[in-house]
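Input: a single structure, listed below in structure tokens.
No experiment lies behind these values; they were computed from the predicted model shown.
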Amino acid sequence: MSVALTMLLTLALQAASPSADVEVRATLGPDSVAIGQPFTLTISVTGLDGAEVVFPELPDTGAVTALGPPQVPGGQLSDSLSARYELAAWRAGHLELPTGDLVVVRDGAELAIPLPGVVVQVTSILPERADPDTLGWEPPTDVVGANWSLREKLIGAGLAIAALLAIAIFVRRKIVSHPVPPPPAKTPAERALDAFRLLGDSGLVEAGELKGFYSALSYILRQFLSESDEAWGFDLTTGEIVDAVGSDGVTEEGVKDLQVLLVEADSVKFARWRPSKIRAARALEAAAGWVGHFERIEPEPEVEPEPALVPLAKVEAGLTTTKEAAVGPEIEEIESIFIDDDDDRD
């Protein structure tokens, strides 16, 4: 139920201006609540004519508890002000709300106006035959406790700060003694694929910015090539870079796919060609696939042929010179022995 219970109290503020009437209105919503269910009391004051208002804090009666201080929204008219009280009831039946004096101040004169008496109907959440008088309903209690002295609060705060400092020092020493290794550096292909994903999420294709899209696509491909080989740098034209890649270990099919992507990008950037958005999305997919499956065939190192040994029978027959027969390090070493012997004899 959310029926508003409204009571109107009209008083004259004689101290400041005899003709100025101040009206105080109390609105309850809802007027019927269950035990523990929050409800709102709104106090509205009109006819202020620039006067100030001090709203009281409602006391705790045990049966009805204020859940906080009054809330006074800003930006209200100078002729009227209102405050909201959040309350909760803890007994069933018709309960009178706590009251207090509202103070109106004008030109240094104060007028205390008692708040209107308001009654709220509180229904029980128990079964019909249950006796609510046998149950000890209590308002919510502060889990820390409201009876802590200032000294105890300061001691608790100091202990909490000391514990946090100890934890911070421990964690710092752990980090210093066991430094976290930096993540491994990404390969050129991984960096290019990350850039392609960002390009796909940029929304350039959806926005129709195809020139910017293809410029970024071409840049990512060229960056990948320059990181893969210094000879494939940015200073090369599309034709030069296709020739360089084709003559340096890349398959003919891979070179042809690269040429299609770069030529298509150049056509959009320089020839004002506008492909469809579907074609642009396929170009991005093809470029990412080309980088992801890029494979370069490294040429096998050239192996010098081993020198052929002259048959021993040919040497014995005198068909070759000693120098021709001395092939290989072992034969050269043997030959040096004989040459040394001939020198000694001379």
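Between the CD atom in Glu52 and the CG atom in Asp107 there is a gap of 10.0 Å [rounded to 0.5 Å]. Leu217 CG to Leu210 CG: the interatomic distance, rounded to the nearest 0.5 Å, is 11.5 Å. One distance of note links OG1 of Thr65 with CH2 of Trp90; it measures 6.5 Å at 0.5 Å rounding. Between the OG atom in Ser202 and the CZ atom in Arg197 there is a gap of 14.0 Å [rounded to 0.5 Å]. Put simply, CG on Leu95 and CD on Gln121 are 10.0 Å apart, with the number rounded to the nearest 0.5 Å. We find the CD-CG distance between Glu206 and Asp201 to be 9.0 Å, quoted to the nearest 0.5 Å.
Nearest approach of Arg274 to Gly208, heavy atoms of both residues: NH2-O, 3.4 Å. Listed here is the closest heavy atom pair of Ser226 and Gly233: CB-CA, 4.2 Å. For Ala66 against Leu58, the heavy-atom pair with the smallest separation is CB-O, 4.0 Å. Nearest heavy-atom pair across Asp235 and Glu240 is O-OE1, 4.3 Å. Ser228 and Pro188 make their closest contact through OG-CB, 4.4 Å (heavy atoms, listed as atom of the first residue, atom of the second, distance). Between Val122 and Ala34, the closest heavy-atom pair is CG1-C, 4.1 Å.
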- Message: Under the criterion ring pair (Phe, Tyr, Trp, His ring centres under 6.0 Å), I'd like the reasoning laid out for Tyr85 against Phe55: C-alpha separation, chi angles, the key distance, then a yes or no.
- Response: CA-CA 10 Å; Tyr85 294 83; Phe55 292 94; 7.2 Å; no
- What do the steps show when you test Val103 against Val53 for side-chain contact (heavy atoms from CB on, under 4.5 Å), and what is the final call? CA-CA 6 Å; Val103 180; Val53 178; over 6 Å; no
- Task: Kindly determine whether Thr40 and Leu28 satisfy side-chain contact (heavy atoms from CB on, under 4.5 Å), including the steps that lead there.
- Result: CA-CA 6 Å; Thr40 302; Leu28 188 65; over 6 Å; no
- Message: Test side chain to side chain donor-acceptor pair (under 3.5 Å) on Thr238 and Arg222; report intermediate values, then the result.
- Response: CA-CA 10 Å; Thr238 296; Arg222 290 176 173 273; 3.1 Å; yes
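A heavy-atom distance below 4.5 Å is not found between the side chains of Leu41 and Thr27. Put simply, the side chain of Arg279 reaches to within 4.5 Å of the side chain of Glu264, judged on heavy atoms. Counting heavy atoms from C-beta outward, Tyr214 and Pro275 have side chains that approach closer than 4.5 Å. Leu87 is listed as a side-chain neighbour of Leu97, based on a closest heavy-atom distance under 4.5 Å. Here the side chains of Ser218 and Leu262 are in contact, with some heavy-atom distance below 4.5 Å. Leu102 places none of its side-chain heavy atoms less than 4.5 Å from the side chain of Val54. Residues Val45 and Ser82 fail the side-chain proximity criterion, which asks for heavy atoms closer than 4.5 Å. Contact check for Leu284 versus Leu199: side-chain heavy atoms found under the 4.5 Å cut-off.
Residues Phe224 and Phe294 place their aromatic rings such that the two centres sit under 6.0 Å apart.
Note on Leu204 and Trp273: same hydrophobic cluster, where clusters join Ile, Leu, Val, Met, Phe, Trp and Tyr whose side-chain heavy atoms are under 4.5 Å apart, directly or indirectly. A continuous path of hydrophobic side-chain contacts links Val22 to Val72 [ILVMFWY only; heavy atoms under 4.5 Å].
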For residues 155-162, dump all side-chain donor-acceptor pairs below 3.5 Å to protein atoms at least two apart in sequence or in another chain.
none

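With respect to Lys211 and Glu209, no salt bridge is recorded, no charged nitrogen being found less than 4.0 Å from a carboxylate O.
Checked by atom type and distance alone, the side chain of Ser247 pairs as donor or acceptor with a backbone atom of Ala244 at under 3.5 Å.
No more than 12 heavy-atom neighbours from other residues, nucleotides or ligands sit within 6.0 angstrom of CD1 on Ile278.
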